[in-house]
Structure formats: C-alpha cells, structure tokens
Amino acid sequence: MSTLLSVILAIASIVIIISVVMQEPDTSGLGALDGSSNEASWGASRGASQDDVLKRLTIIGAIVFFIAAIVLAVVS
C-alpha cells in the first residue's frame, strides 16, 4: 500500500512541477506599468486556453499530492 502511495506521490509531484514550469507569468514585468494589457479574460474560449488547463492541472495535482501524503503518513 505504501509503495502505491509513494508512486502516486511521485507522479503528482512531477505533474505539479511540469504544469507550474509551463505556465505563463501573470504580469508583464515592467511592461505592465503603462496599463496596457492584452488579456482577454472574457470570451467564448474562456476556460479552454492552455493557461486555464495548466492552472486546473496544477490544482488537481496539488490535491492528489496532499491527499496521498496524508494517507501515506497515516498508513506508515
């Protein structure tokens, strides 16, 4: 049982690392100082963009990671 949880923990951590690294930064650095932003947060494709999918994948991976870590701590 602990081996399975360890594998799930390792897979969840790899998913979190990859999804965080692939995400675009929310700010434009010093380019955000002038107030010009080209974000389209309203539209028909809201929720289907790559950034939204990566954010959702990060949240799901974090939930799986924490549940597996808690269960692994209780089991062992």
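Numbering of residues begins at 1 and proceeds along the displayed sequence.
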- Message: For a salt bridge (charged side-chain N to carboxylate O under 4.0 Å, His left out) check, start with the C-alpha distance between Arg56 and Asp52, then their side-chain angles and the critical distance, and finish with the verdict.
- Response: CA-CA 6 Å; Arg56 205 172 305 127; Asp52 290 336; 5.5 Å; no
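For the atom pair Leu5 CG and Ile67 CD1, the distance stands at 11.5 Å (nearest 0.5 Å).
Criterion: ILVMFWY side-chain heavy atoms under 4.5 Å apart, direct or through other members. Under it, Ile59 and Ile16 are part of a common hydrophobic cluster. A single hydrophobic cluster is not seen to contain both Val75 and Ile11; linkage of ILVMFWY side chains at heavy-atom distances under 4.5 Å, directly or through other members, places them apart. Under the 4.5 Å side-chain heavy-atom criterion for ILVMFWY residues, a single connected hydrophobic cluster contains both Phe66 and Ile63. Linking Ile, Leu, Val, Met, Phe, Trp and Tyr whenever their side-chain heavy atoms come within less than 4.5 Å puts Val71 and Phe65 in one cluster.
Residues Gln50 and Met22 come closest through the heavy atom pair NE2-CE, 3.9 Å. For Leu72 against Ser6, the heavy-atom pair with the smallest separation is CD2-OG, 4.0 Å. Residues Ala12 and Gly61 approach most closely at CB-O, 3.8 Å, considering heavy atoms. Across Ala68 and Leu9, no two heavy atoms sit closer than the pair CB-CD1, 3.9 Å.
Applying the side chain to side chain contact (heavy atoms under 4.5 Å, CB included) rule to Glu24 yields no partners; only residues at least two apart in sequence or on another chain are considered. A search for side chain to side chain contact (heavy atoms under 4.5 Å, CB included) contacts involving Ile14 returns Ile18, not counting sequence neighbours.
When Val15, Val20, Ile17 are each tested for a side chain to side chain contact (heavy atoms under 4.5 Å, CB included) with Thr58, only one passes: Val20.
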